[in-house]
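Worksheet: the structure to be examined is printed underneath.
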Amino acid sequence: MVGLFESYSLFFKNYFHLSGKSSRSEYWFAVLMNFIIRLIISILIFTIYSVFTGASDLILSLFFAIIGLVIYELIILIPSINLIIRRYRDAGISPVWFIVTNFVPFVMEIFASIMENVPYYLNIIILVLLIIDFIIKIMPSKK
């Protein structure tokens, strides 16, 4: 079993590695660490900017916090995708399912936001695909 900091270290060491596998602990500890870092970035940027401006413009403080989060998200985009693909492989699922359970709901959500009358079943399909994605990520490793 991989620890919290070791999994985050592996997260960046395997930045461009699509081969191999990632255990449940490696995947979920990296997800937890990314959540903690996002929270810290948000709080720090929001607090620092609010202190320097005298908390006069909270909207601008939120704007800079969001910019900081977007930069972090861009940094972790590729390793996050690679980690999910390795997790799918570890669970014994073809990485093709990654496209089905992640990109298809994303594209469907874009179409739903563009369309005026969204069919009710579109949201159900998105929800089902996201549940399947979650189930795959919690599956035990295949030997």
Side-chain angles (χ1 to χ4, degrees), residues 1-115 118-142:
M1 187 167 134
V2 184
L4 180 65
F5 294 107
E6 184 181 357
S7 72
Y8 198 67
S9 172
L10 288 171
F11 177 71
F12 281 107
K13 282 182 184 173
N14 295 324
Y15 201 98
F16 292 108
H17 294 151
L18 284 171
S19 61
K21 298 178 178 182
S22 294
S23 65
R24 281 191 293 186
S25 61
E26 183 182 340
Y27 174 78
W28 288 108
F29 278 142
V31 169
L32 175 63
M33 192 66 169
N34 281 323
F35 174 77
I36 292 169
I37 290 172
R38 286 179 190 111
L39 188 64
I40 290 170
I41 288 171
S42 299
I43 292 171
L44 279 177
I45 292 174
F46 184 77
T47 305
I48 290 170
Y49 190 80
S50 295
V51 166
F52 285 125
T53 61
S56 60
D57 195 359
L58 293 179
I59 299 296
L60 203 53
S61 299
L62 283 173
F63 173 75
F64 283 112
I66 290 170
I67 293 295
L69 286 173
V70 166
I71 291 169
Y72 181 71
E73 293 297 328
L74 290 174
I75 291 169
I76 68 167
L77 178 66
I78 293 172
S80 295
I81 291 171
N82 292 342
L83 179 67
I84 294 169
I85 290 173
R86 289 192 311 270
R87 177 68 204 119
Y88 272 52
R89 192 173 287 123
D90 184 59
I93 306 295
S94 170
V96 173
W97 279 97
F98 167 74
I99 295 169
V100 173
T101 61
N102 287 275
F103 288 121
V104 171
F106 178 72
V107 171
M108 290 173 78
E109 193 63 41
I110 290 173
F111 283 127
S113 65
I114 294 171
M115 296 169 49
V118 179
Y120 70 91
Y121 58 85
L122 191 62
N123 288 327
I124 294 171
I125 293 171
I126 292 170
L127 180 63
V128 167
L129 289 172
L130 293 176
I131 290 171
I132 290 170
D133 177 57
F134 179 72
I135 290 170
I136 291 171
K137 289 174 183 172
I138 63 172
M139 287 175 63
S141 300
K142 297 278 184 185

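Note that the structure is predicted; figures quoted are calculated from it, not measured. Just so you know, these numbers use all the heavy atoms, side chains as well, and skip hydrogens, waters and symmetry mates. Positions are given from 1, in the same order as the sequence printed here.
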Any donor-acceptor pair under 3.5 Å from Ser9 side chain to Phe5 backbone: no
Exam field: side chain Arg89 to backbone Pro95, donor-acceptor pair closer than 3.5 Å: no
Starting at CG of Leu122, measure out to CG of Leu127 and round the result to the nearest 0.5 Å. 11.5 Å
What distance separates Leu83 CG from Lys137 NZ, expressed to the nearest 0.5 Å? 9.0 Å
Donor-acceptor pairs under 3.5 angstrom involving side-chain atoms of residues 98-106: please list them, not counting sequence neighbours.
unit_1, atom_1, unit_2, atom_2, d
Thr101, OG1, Tyr88, OH, 2.6
Thr101, OG1, Trp97, O, 2.8
Asn102, ND2, Phe98, O, 3.2
Asn102, ND2, Asp133, OD1, 3.2

Which residues pass the side-chain hydrogen bond (donor to acceptor under 3.5 Å, both in side chains) test with Ser25, not counting sequence neighbours? Ser23
To check you understand the geometry: which heavy-atom pair defines the closest contact between Leu4 and Phe29, and what is its length? CD1-O, 3.5 Å
Closest non-hydrogen atom pair, Arg87 against Ser141: NH1-OG, 4.2 Å
Test side chain to side chain contact (heavy atoms under 4.5 Å, CB included) applied to Ser7 and Tyr27, step by step: CA-CA 7 Å; Ser7 72; Tyr27 174 78; over 6 Å; no
Close side-chain approach of [X] and [Y], heavy atoms under 4.5 Å:
X	Y	value
Tyr15	Asn82	no
Ile132	Ile135	no
Phe11	Ile76	yes

The criterion is side chain to side chain contact (heavy atoms under 4.5 Å, CB included); which residues satisfy it with Asn14, sequence neighbours excluded? Leu10, His17, Glu26, Arg86
Side chain to side chain contact (heavy atoms under 4.5 Å, CB included) involving Ile37 - partner list, sequence neighbours excluded: Tyr8, Met33, Ile41, Tyr72
Whether over 12 other heavy atoms sit under 6.0 Å from Phe12 CZ: yes
Which residue pairs satisfy the salt bridge (Lys or Arg N to Asp or Glu O under 4.0 Å) criterion with at least one member in residues 13-25, sequence neighbours excluded? none
Residue pairs fulfilling salt bridge (Lys or Arg N to Asp or Glu O under 4.0 Å) with at least one residue in residues 93-115, sequence neighbours excluded: none
State whether a side-chain donor-acceptor pair under 3.5 Å links Asp90 with Ser22. no
